[in-house]
Amino acid sequence: MLIAGNWKMHTDLSAAQVLARNVAAAVAERGAALDDVDLAVCPPFISLEAVRDELADTDVAVGAQNMHFADEGAYTGEVSAPMLHSVGCRYVILGHSERRQYFGEDDAGVNSKVQQAVDHKLIPIVCVGETKAQRDGGDAEAVVRTQVRGALKEVPIEGAEQLVVAYEPVWAIGTGDTATPEQAEAMHAFIEEVLAGLYGEEMAPDIEVLYGGSMKPHNARSLLEQPHIDGGLIGGASLRAEDFLGIADAAVTATKGPIA
Ligand code: PGA
């Protein structure tokens with residue numbers, strides 16, 4: 001189970017340090033209770049190193065929100081995998097719907113970044129998800145299948161731990177309009193089938209597929225206890241340490257089994 005916070009374009013350096021410090025304190029308070037849940041936060045690039053330092057005494061990993069597909073070069077404004085490595089990143093979010101929507105990212109571009117991340121031993125959190133119009137049109141599965149296959153095309157992985165997928169229905173992101181546990185579970189099971197087609201029946205169940213889209217402390221448990229939902233990618237609720245850890249608490253409860 002992985003709970004990852006996507007801070008998006010929020011927090012300047014000092015706000016990021018305060019938030020990371022609050023996360024560290026809330027994690028310390030919980031002690032061994034969080035042993036079975038992996039935690040990560042993905043702050044803006046400029047705060048990665050400072051956030052890593054604030055979290056140094058915890059098991060909370062740090063990730064970036066985007067990355068370039070080349071090691072280095074004349075790509076003004078971009079950040080590379082080796083650079084992310086040098087500041088201690090373990091994860092990198094790739095193909096987030098906001099990147100696709102506002103910055104023209106497509107499956108082929110996401111694919112080259114995913115390949116680069118895997119080559120550099122960063123764990124890509126590959127985001128996929130349909131729009132409202134696509135769901136209403138009955139195309140949600142076809143869209144998600146195309147995105148998963150496109151992003152992972154010819155990306156060999158040796159083990160399930162090298163890759164994370166996040167199902168984030170675009171209509172649920174930042175809207176408060178969460179997918180129902182049944183809707184999310186159905187798509188997660190479908191994504192596992194697509195992954196099985198790519199990586200085999202044996203590895204696919206071990207590849208973590210996170211749900212993202214208005215996951216909050218109050219709705220997290222019902223989502224996280226679904227058999228094919230392996231964690232959450234959290235936007236808004238990751239900007240308050242207590243909310244973020246409230247979701248981690250829900251993950252702990254969810255791993256103990258369904259509500260009686
Ligand atoms: P949200 O964002 O939790 O604010 O809906 C999720 C995401 O975009 O990763």
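Counting starts at 1 for both ligands and their atoms, following the listed order. Since we're looking at a predicted model, the values are computed, not measured.
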As an exercise, identify every atom of ligand 1 less than 4.0 angstrom from a heavy atom of Asn6.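 That gives atoms 9 (O) of ligand 1.
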Who's the nearest protein heavy-atom neighbour of atom 4 (O) of ligand 1, and how far?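 Nearest neighbour among protein heavy atoms for atom 4 (O) of ligand 1, to 0.1 Å: Gly236 N, 2.8 Å.
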Looking at ligand 1, is there an atom of it that comes within less than 4.0 Å of some heavy atom belonging to His96?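 Yes.
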Would you say [X] has any N or O atom under 3.5 Å from an N or O of ligand 1, going by distance alone?
{"X": "Gly174", "result": "yes"}
{"X": "Gly213", "result": "no"}
{"X": "Glu168", "result": "yes"}
{"X": "Ser214", "result": "yes"}
{"X": "Lys8", "result": "yes"}

For atom 1 (P) of ligand 1, which candidate among Ala237, Gly235, Cys127, Cys42 holds the nearest heavy atom?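 Shortest heavy-atom distance from atom 1 (P) of ligand 1: Gly235.
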Taking NZ, NE, NH1 and NH2 as the nitrogens, is one of them in Asp107 or Arg149 under 4.0 Å from a carboxylate oxygen of the other?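 Salt bridge flag = no for Arg149 with Asp107.
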Looking at every non-hydrogen atom in both residues, tell me the closest pair between [X] and [Y] and how far apart they are.
{"X": "Leu223", "Y": "Ala179", "result": "CD2-O, 3.8 Å"}
{"X": "Val37", "Y": "Ala251", "result": "CG2-CB, 4.0 Å"}
{"X": "Pro44", "Y": "Gln65", "result": "N-NE2, 3.5 Å"}

More than 12 non-hydrogen atoms from neighbouring residues, nucleotides or ligands closer than 6.0 Å to CD on Glu201, yes or no?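 Counting neighbours around CD of Glu201, 12 or fewer heavy atoms of other residues, nucleotides or ligands fall under 6.0 Å, so no.
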Modelled atom types, side-chain donor and acceptor of Gln116 and Asp71, under 3.5 Å: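 Checked: Gln116/Asp71 side chains pair up, N/O donor to acceptor below 3.5 Å.
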Using a heavy-atom cut-off of under 4.0 Å, does the side chain or the backbone of Ala172 touch ligand 1, or both, or neither?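 The part of Ala172 near ligand 1 is the backbone, not the side chain.
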Result of checking Glu168, Glu105, Gln101 against His96 for side chain to side chain donor-acceptor pair (under 3.5 Å):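 The option that passes is Glu168.
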